[in-house]
Structure formats: structure tokens, C-alpha cells
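Notes follow once the structure below has been shown.
Chain letters run A, B, ... following the sequence lines, proteins first and then strands; every chain starts at 1. Keep in mind that what you see is a predicted model, and the values were worked out from it rather than measured.
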There are 4 protein chains.
Amino acid sequence: MAAAAEKRRQILDAAVRVFAAQGYHASRVGDVAKEAGVAYGLVYHYFDSKEAVLEAVFREAWGRLLAAVALAEETGGDAAEQLALVVRIVFRAWRDDPDLVRLLVREITRSPHIQDELDEIGQAFKSLERIVAHGQAEGTFRPELDPRLCGWMLYGALEEVLTGWVLGQLPDDANAVEAAEREVVRTLVDGLRPA
Amino acid sequence: MAAAAEKRRQILDAAVRVFAAQGYHASRVGDVAKEAGVAYGLVYHYFDSKEAVLEAVFREAWGRLLAAVALAEETGGDAAEQLALVVRIVFRAWRDDPDLVRLLVREITRSPHIQDELDEIGQAFKSLERIVAHGQAEGTFRPELDPRLCGWMLYGALEEVLTGWVLGQLPDDANAVEAAEREVVRTLVDGLRPA
Amino acid sequence: MAAAAEKRRQILDAAVRVFAAQGYHASRVGDVAKEAGVAYGLVYHYFDSKEAVLEAVFREAWGRLLAAVALAEETGGDAAEQLALVVRIVFRAWRDDPDLVRLLVREITRSPHIQDELDEIGQAFKSLERIVAHGQAEGTFRPELDPRLCGWMLYGALEEVLTGWVLGQLPDDANAVEAAEREVVRTLVDGLRPA
Amino acid sequence: MAAAAEKRRQILDAAVRVFAAQGYHASRVGDVAKEAGVAYGLVYHYFDSKEAVLEAVFREAWGRLLAAVALAEETGGDAAEQLALVVRIVFRAWRDDPDLVRLLVREITRSPHIQDELDEIGQAFKSLERIVAHGQAEGTFRPELDPRLCGWMLYGALEEVLTGWVLGQLPDDANAVEAAEREVVRTLVDGLRPA
DNA sequence: GATGAATGAGATTTCATTCAT
DNA sequence: AATGAATGAAATCTCATTCAT
């Protein structure tokens, strides 16, 4: 049993690397199997289809990320602090597992199938939305803002910085990432505050 | 002949509709031909491959968008006004040709080849970068900001709002779009201003 | 009318060059038209099909070659002299129009369509056959030989030397060609003579 | 597994039959698969392309033929005996596997790619060349002959007799083949002998 | 006669999925 | 559980031929 779970994990990890490197559509099931060091057919023993592999990767990765973000919301801090924490969590993810982030950034939101089935993605937006609403309740964010719109705007700003790193267009050494974290937090928080 | 160029255009326009509706990968060349009302082979008379069609659509759409944005930069206004103009241009594009925007938003980050060939995408970032730098020179934006990072952040915020509309997750009636324009401009400009 | 015939000829000449360079199957009608400097459709004005072009080339080229060979038969000489003349004619053809010979060598005998329609090819064999029979009647060639078999054998020996030149595997400068002519004639004639 | 190699062989054998019957260009991959009694895609499991199938057939057939010819060279006999043996081997090949010979004869000179990759074809010429040189060393063949040129001439004579059989233009019953063997050997050997 | 855009049947090739072992 | 050969639907692309101008 332990061995079985291990094989499943091997396949998932390999899928992250392969999908990240070539993109989901360009990746063949055989590539994943070979990268995982298992037989072709074994992928189908553990997963129903190629898409199911992608979905499993997403579900797991999002799960971890959302849990971290949810935790951020529960810290007693004010909205600005919560937002800062979310940014930090997201940016740390890039440092910890760039392949995974690369995959999330490239395929999520854009793949029609994934969207429908994974409403968990929506939770990311909900989290950001709640933080904005929280800030309005506190009086630290402008009351006339539409929290939903802000959720998308914030998500986009974060995702695109990640994309810049993914594509190698923005410097991503430790210092740069730290600086980016400060600047992004400051800009977003200041943007949302009352004049 | 006039007719010749016309057919090419028919194919390009049809491609936008078909790719937007089904996604690039799910679209067959035959679908595009049928939508354009031309024979299968004619697509290959005008374009080298299916991907070349997508690329042509991109190149043209970006061309128009960049021209508009470049114009915005040339208005004598301050950086905040320029930024406001850019947001308006981008959001108007959604109203004018949602299929095209849907396509750009969905497929741009995907296909690896597209990225290589279209460094024109980079010009959009450069435009935003220049506006930020301009603001710093004027003293209306914080001097410690990294204009390049800001370019990506701003681009992401705009693109994701468009995505919300594309996916039907954000209201996109005329009022909502106008309100969004105001809020986004305000948020971004305030975020970049000195405290 | 003169101009018209000229275009037809341009197309035929271009076809020889293109087919010789790329082989018949790999050559597209457009290649021939471009090489001839005429419009695509004009090829179909003068010829029924791509194959008809090839056939026309063959018919014409063979015609010339056969006429020359027939002439050789009519010289009053003995069989050995006639054979020597045929070899000279064939080898001269290589010097005069290598592209044409290349085409004949590569596509004739091997293309199923051409075979059926061009029984003129058979006439080349008949010529050789007649010369051998003539030699037997004279008593200069062995009587037990089968003239038909000899026709094929002789044809093959000649064709393959041409092929060697076509493929650049045998030296084909003026001296080498002359020497080859002498050796081939001597070998074939000696081979056919009574002990 | 034994079954695996078997399928590959089935495909190869079927390819010989199909290509021989219809010619390479007229044969579709589906025809080969159907003749072999396997699924379409299996052909691509074992071979990279349709052309790779043809090449595999060639390589194998030539391999066998060359091995036989090489053996002939090693018999201690004189050059005339060696040449006689080569002729017998080649003509026997026609009786043993006419489809294969048909294919070799028809397609070899055609496809340009085949030529590049198969310099093994050249080995057939080298063999004949060596036999001629051997005869010169023995003093049984004329010393002024160019062995290379003779290799091509001999090869052509043999190939064309095969072609006569392939095309049904020469009688190929057992008696005729035997007689042809005698006549061809006699003619070639006598042709090469000193006067 | 001359042009080249337009047509569409047909071929190769790919690859997710199944299945016998 | 594990393997990888086998399947075949579906997609892209080619190119000989037609036809309107």
C-alpha cells in the first residue's frame, strides 16, 4: 500500500514537471509516465484520464495554497496585514515550487474544462473579496469599492508578477522577490485606502 | 484583387469567432473554414498552418491595441491621465470586440511558440513601464518603485478584470464597465502615489 | 500562335529540369509553372494533367532517341558496328542533355502508368533485339542466344552506366565518357561473339 | 515478447506485398496495416513513418542479398566462377521472393532519400568491382578494364533482366530462368575475357 | 490565351485510451 | 499492481485540378 501510494505520487510529481515544462496540451501521457519512471498503462491505473491527472495536481496544489490563505484570514490582524500575508504566501509558493506555480499560472483560469469542475478556484477570489470587505468594515478601505471587482484586480496583479518570474522576464532572486513583496503590498494597500 | 484580400479577412474574422467560442485547441481548421464560408484548403492558401492563423490574429489585434496605447502616451497629460486613458482603451476593447479579447486573454500565455515570436507583447509592458517612469519624473509616483515590476502588476490587474468579464464572473453591462473603469484607475493611481 | 507554342515549350523544358532535380512524384505542378515563369493554370491549358506533362516529355525525348537509334540500324554496317553506334548515341545524349537522361533513367520502366501508355519504350528493346538477330544472321553473334533476353541485358548495361553518371558515382568528364564508350562496346560485342 | 516481434514482421511482410503490387507511392499506410491484419496505428508503433517501413524492407532484403554475394566471393573459385555464382544468387532471389525483387527493382532508383541513407546499395557494386579486379589479377579478365565501370555495367545487365521478369516481358518459367542464367553468365564472362 | 484564387478529396501522422498478459 | 503492445478516431496538411475573371 505504501508502495502504491508512492507510485501515485511519483506520477503526480512527474506530471507537474512535465506540464510545467511543455504545457498541458503539448504533454503526452507517455512523457509523464517516462518522467515518473513507470509504465505507460500505470497512469491509467491511478487516474481516469490525462485530464484527471491535471485536475488532481490542481486540486492538491490549490488545497495547500487555499489552506494557507484561509489561515491568513484568521490571523486577528487588520485587512492590510491580511493582504500582506496573502501576498507573502503566494510569492513564497514561487520560491518553494516554481514548477507548480508555473503550471497553475499557465493552465488555470484558461483551461475551459478545469474551470467548470474546480470551483475551488473561485475560493481564491472569495478570500480576497472577504479581505477587502473586511477592510471596508474596519474603515481602512474605501467604502465605495466593489469587493468582487477588487478580488479579481488583486488576483491579476499577483498572478502577473508570478508570470513575469515564470517567463524569466522579472528578476526573481531572493532580494528581488522580497522587494517585490514590499512594493506590491504597499501599492495595493495604498490603492484601496481612503484618500 | 479586392476579392482576394477579402477572403483572407473573412478567414481571420472567422478564426477570432471560432477560437473565442471553442478555444484554440478544440477548434479544427475545418470549423474556421466553414465559419468563414470558404473551402478547407483556402485557409492553407493564405496561412502556413493553423498556428499561423492564430499568430496573424494576435499580431493584428495587438497592433491595433498598441497603436491606441502609444497614442495615449503622446497626449500631453500627466502620468495619471495617461494611465486612465490606457485603462479606458483596454476596457473599451472588451466592449468593441469581446471575442477578440476573449481570445487574447485565454490563449496568450498558453502556446509557447506564440511567446517567442511575439515580443510585441512585451511592448505593452514597456508602455506601462514608461508611464510609471514618467510619473516618477513628474513626482506624482513614488520614486522607489520599480517601473518594470509595476508594468507587470498593472497589466495583470487589467487583464484579470477582462478575464472576469470573459468568464462571465463579473457584471459587464455598460454601467458596470464604467464604474469598473473609475475604480480601477483610482485604485492603481492612488496605489502608486507618494503617501 | 508562335508565342503559344513557345509557352508550351517553356513548360516542357521546365518540367524536364524540375522532374530531373526532384523526381516526378516530389515535383508539384506549381514548381513546374514557376520554373517555366508562367501562371499556375497555364500548365492545365496546354496539358490535361501533371502526368500528361511527363508523358509529353517522354514521348518527345524517346522520339528523338529512337529516331537516332533507328538511323543506326540503317547504316549498312555489321551488327557490331550498329551496336557501337547505339552506345555512342545513348552516351552522347547524356552529354547533350543530362537532365533529360536523368529523368528518363529515373522514371522510365519504373513508373507503372508510363509503361502502359508508352509502348514506344518497347521499341528501344526491339531495336537492340533486331541488332542481335542481325548479328546472328551474319554469323558474328552466337546463334543460341535469345535476342530478346540480350536486348534487355544490353539495355540494362547501358542504362546503369548512365545511372552511375546521373548519381555522380562514375566519372563523366569527356575522357571518361569516351573510354567508357570503348570499353562497353568491346565488352558487349565480345560477349556476344562465338568463342 | 515473441508476439511483439511477430507483429513487426507481419507488417514488414505485408509491406513487401502491398508495395510490390501497387508501388510505394500508390500504397496507403492503411493498406499495409489491413494486409498485415493489424490496426492502423501499430505501423507507427514499430516504424516512424511510411518511408521508414520501405527503408526497413530495403535494408533487410539487401542485407540478405549482400551476405549471399559476400559468401560467393569467398568461395575459392576463379573470377568467372564467382561471377556465375553471383548471377545465380540474384536470379534465384527472383524465384524465391519475386515481390521483394519487384519492389527493389521498381523503387530503388526512385526515392532520393533512400539513396542517401542506403550506401549499402553501393556495396553491391563494390562486390562486382572486386570480382572483376580479382579476374584481372588472375589474368582471366582484360587488364585495361575499369573495374568500377564494369561493376555498374554488370549490375545493370542483371537488374534489367530481373526487370523484364518483373514486368512480365520476359518468360520466367523454370527453364527460361535457367537458360537465362547460362546465357548471361557466358555473355558477361566472355565479354570480360582477353581476346 | 493567361492568371492565380478556390476547391476538397485523400494521405499521413498523433496520441488518449484499452486490454491481454 | 504493473506492463507496454494494440487500437482507431480525429486532426492537420498537401496538392492536383477547376474555374471565374
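- Judged purely by atom type and a 3.5 angstrom limit, Tyr24(A) uses its side chain to pair as donor or acceptor with the backbone of Glu51(A).
- Classification of Lys34(C) and Asp31(C) as a salt-bridged pair fails, no side-chain N sitting under 4.0 Å from a carboxylate O.
- Taking atom CG of residue Asp48(C) and atom C1' of nucleotide dT17(F), one finds them 11 Å apart after rounding to whole Å.
- Separating the NE2 atom of His25(B) from the C1' atom of dT12(F) is a distance of 13 Å, rounded to the nearest angstrom.
- Under the Watson-Crick or G-U wobble criterion, with both distances below 3.5 Å, dG8(F) is paired with dC15(E).
- Side-chain contact between Val57(B) and Leu100(B) is present, with at least one heavy-atom pair separated by less than 4.5 Å.
- Nucleotide dA16(F) holds its P atom 21 Å from the OH atom of Tyr46(C), rounded to whole Å.
- Protein atom CD of Gln10(D) is 13 Å distant from nucleotide atom C1' of dA5(F), rounded to whole Å.
- Phosphate contact (OP1/OP2 of dA5(F), side-chain N/O of Lys7(D), threshold under 4.0 Å): absent.
- Taking the six-membered ring where tryptophan is involved, the planes of His25(B) and His25(A) are essentially parallel, since the angle between them stays under 30° and well short of 60°.
- In this structure, the side-chain hydrogen bond (donor to acceptor under 3.5 Å, both in side chains) partners of Asp13(C), at least two apart in sequence or on a different chain, are Arg9(C).
- Put simply, the side chain of Glu55(D) does not reach to within 4.5 Å of the side chain of Phe47(D), judged on heavy atoms.
- In this structure, Glu51(C) atom CD and dC15(F) atom C1' are separated by 15 Å, rounded to whole Å.
- As the counterpart of dA1(F), no nucleotide is assigned, since no Watson-Crick or G-U wobble pattern has both distances under 3.5 Å.
- Remark: P of dA5(F) and CD1 of Ile11(D) are 12 Å apart, rounded to the nearest angstrom.
- Atom C1' of nucleotide dC13(F) and atom CZ of Arg28(B) are separated by 16 Å, given to the nearest angstrom.
- For DNA chain E, the residues of residues 30-45 of chain A within the heavy-atom distance limit of 4.0 Å (strictly under) are Tyr40(A), Tyr44(A), sorted by number.
- The nearest whole Å value for the distance from the OH atom in Tyr24(B) to the P atom in dT12(F) is 8 Å.
- The pairing partner recorded for dT14(F) is dA9(E), the criterion being a Watson-Crick or G-U wobble arrangement whose two distances lie under 3.5 angstrom.
- With dA16(E), dA11(E), dT17(F) as the candidates, the nucleotide lying closest to the side chain of Ser49(C) is dT17(F).
- Here the shortest heavy-atom pairing between Ile11(C) and Val32(C) reads O-CG1, 3.9 Å.
- Of the side-chain N and O atoms in Lys50(B), none sit less than 4.0 angstrom from OP1 or OP2 of dA11(F).
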